[in-house]
There are 2 protein chains.
Amino acid sequence: MSEVQSETAAGSEERDVTELVLQDILTGLLPAGTWLKQIDLERRYDCTRPEVRRALDRLSQKRLVAHVPNRGYHVHQPDDRHAKEVGDIRVILETAVADMMVANATPDSIATLRGLARYFDEMTLTGTILEHYEANLAFHRELLLLGGNQELVDLVSEIRQRTSSAPVSQWRTRARIEKSGREHHMMVDALEARDAEQLKRLIALHIRQPTDTPK
Amino acid sequence: MSEVQSETAAGSEERDVTELVLQDILTGLLPAGTWLKQIDLERRYDCTRPEVRRALDRLSQKRLVAHVPNRGYHVHQPDDRHAKEVGDIRVILETAVADMMVANATPDSIATLRGLARYFDEMTLTGTILEHYEANLAFHRELLLLGGNQELVDLVSEIRQRTSSAPVSQWRTRARIEKSGREHHMMVDALEARDAEQLKRLIALHIRQPTDTPK
DNA sequence: GTTACCAATATTGGCGCCAATTTATGATAC
DNA sequence: GTATCATAAATTGGCGCCAATATTGGTAAC
């Protein structure tokens, strides 16, 4: 309420450049291997040189882009081994708190999750890639929150970005997306039934799904 | 070969400023809450303003320092909840690969670990805080490597830094340090005996130890 | 015709200055 | 004597310039 400050003439370029580049990498607009020339980014996001450089430095810290001294930055190409390893880590982390999720689930939180699962389905049909991606994130975030470990929620968000450099290729088939949507609902079902073991199985399957079929 | 370039007159200030600040935070030279004025750091590490700023930005991304706009940066104070949560995450991650550690352990790797455990004990007596800290890191790194997930090794190193902002207070008593040293050897014993369950128990205990006795 | 070398161009990256904001200090009024 | 306000000092943070380095294209020689 009373947001006076966001009425700058330019429009909507108040956001952090790092986030913008991150989104473009995540949505596949900047494919893996692309060289990120500072001048190009400067123009593309209508920002200054230092802003570009800060963004590139941050993203290279997060290992989303690689830095070659005196050559520049390019979008990181995660090899299969890394992708598998990160998947394993996610399975470890997310299944580890399944018991807590079941223990902490209330009718309220289950309803919220059901809503988010439906929202994901909606975005499958009507949303942009980014909206869809974020709907997925929102669902998993809410689910993880039930684990009661805020730090773990943030950590998973972080490492999730670490391999999602090729989300387009991961979600390329509609069949798989719809399967993901159904699995979301099955997870909520398991939560409702207080079946922690089933929930673990579902989570593990859900995460490993994309990487199980490399070609 | 032919490394001519590293013969700069200055001496040994070739290192990255970020690392230097990080070390000083980890070793307790810069206690939690300390305001990190850019001018001070500039003089302290004999570097330029942009270098300082880059270091501060990186460390604030890693949440080791907090950034208050137009006020500056100060060393982050991890509250008890965060510390507990990070501890839990470490237990989850490090015990999750215990089976793999046992499976992958060779006489060679066990010997290496035994050596690192001994080295930690040595540093307890004769090393600096930093050397001691790094000896501990080296042991756990080598142990984790047996898990076969390189990504997990790096991740643990990362989140380990996330709460070690007060390593001094964690390791303040010599009794506790010596207990840690003994536990290292017990872990190697469990590994040698191929007792994964015992190894898990030891790891969990070892990690939770510092935070279990807050006062 | 091909290869090697040199020059021109483009890109990276270091560095310092200046404006904006905040904090500390001192003076004045109550 | 204390509180409040104004002014001054200090600190942050944005921005652009310039040197160092890599790359590309052209030319000449073999």
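Chain letters run A, B, ... following the sequence lines, proteins first and then strands; every chain starts at 1.
- Here the closest heavy-atom approach between residue B/Ala98 and residue B/Lys200 is recorded as CB-CG, 3.4 Å.
- B/Glu94 pairs with exactly one of B/Ile207, B/Leu199, B/Ile89, B/Leu152 by the side-chain contact (heavy atoms from CB on, under 4.5 Å) rule, that one being B/Ile207.
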Using the 3.5 Å cut-off, write out each protein N or O paired with an N or O of nucleotides 5-8 of chain D and the distance between them.
none

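- Screening A/Glu131, A/Glu178, A/Arg174, A/His132 against A/Thr124 for a side-chain hydrogen bond (donor to acceptor under 3.5 Å, both in side chains) leaves a single residue, A/His132.
- Considering only side-chain atoms of A/Gln38, the nucleotide from D/dT12, C/dT11, C/dG13 that sits closest is C/dG13.
- Side chain to side chain, A/Asp16 and A/Thr18 meet the donor-acceptor criterion of an N or O pair below 3.5 Å.
- For the pair A/Leu41 CG and C/dT12 C1', the interatomic distance rounds to 13 Å; values are reported in whole Å.
- Across all their heavy atoms, A/Trp35 and A/His74 have their closest contact at CH2-CD2, 3.7 Å.
- Considering only heavy atoms from C-beta on, B/Gln150 comes within 4.5 Å of A/Glu85 through its side chain.
- Atom NZ of B/Lys37 and atom P of D/dG13 are 14 Å apart (whole Å).
- Residues B/Val52 and B/Cys47 approach most closely at CG2-SG, 3.6 Å, considering heavy atoms.
- Nearest heavy-atom pair across A/Ser109 and A/Asn104 is OG-O, 4.4 Å.
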Taking only nitrogen or oxygen atoms into account, show me every contact under 3.5 Å that the protein makes with nucleotides 14-18 of chain C, one pair per line with its distance.
from   : atom 1 : to      : atom 2 : distance (Å)
C/dG14 : N7     : A/Arg53 : NH1    : 2.8
C/dG14 : O6     : A/Arg53 : NH2    : 2.8
C/dC15 : OP2    : B/Thr48 : OG1    : 3.3

Sub-3.5 Å pairs of nitrogen or oxygen atoms, protein against nucleotides 20-24 of chain C:
from   : atom 1 : to      : atom 2 : distance (Å)
C/dT23 : OP1    : B/Arg71 : NE     : 2.6
C/dT23 : OP1    : B/Arg71 : NH1    : 3.2

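- We find that NE2 of A/His74 is positioned 16 Å from P of D/dA22, with the value rounded to whole Å.
- Sequence order on DNA chain D of the closest nucleotides to B/Tyr73 and A/Glu42 puts B/Tyr73 first from the 5' end.
- Side-chain contact annotation: B/His67 with B/Asp57, donor-acceptor N/O pair under 3.5 Å absent.
- Side-chain atoms of B/Leu36 and B/Leu59, non-hydrogen and from C-beta on, never get closer than 4.5 Å to each other.
- Side-chain proximity of B/His67 to the nucleotides D/dG13, C/dT12, D/dT11 is greatest for D/dG13.
- Taking CG from B/Asp154 and CG from B/Leu144, the interatomic distance works out to 10.0 Å, rounded to the nearest 0.5 Å.
- With rounding to whole Å, B/Leu36 atom CG is found 16 Å from D/dG13 atom C1'.
- Here the P atom of nucleotide D/dT11 and the CH2 atom of B/Trp35 are 13 Å apart, to the nearest Å.
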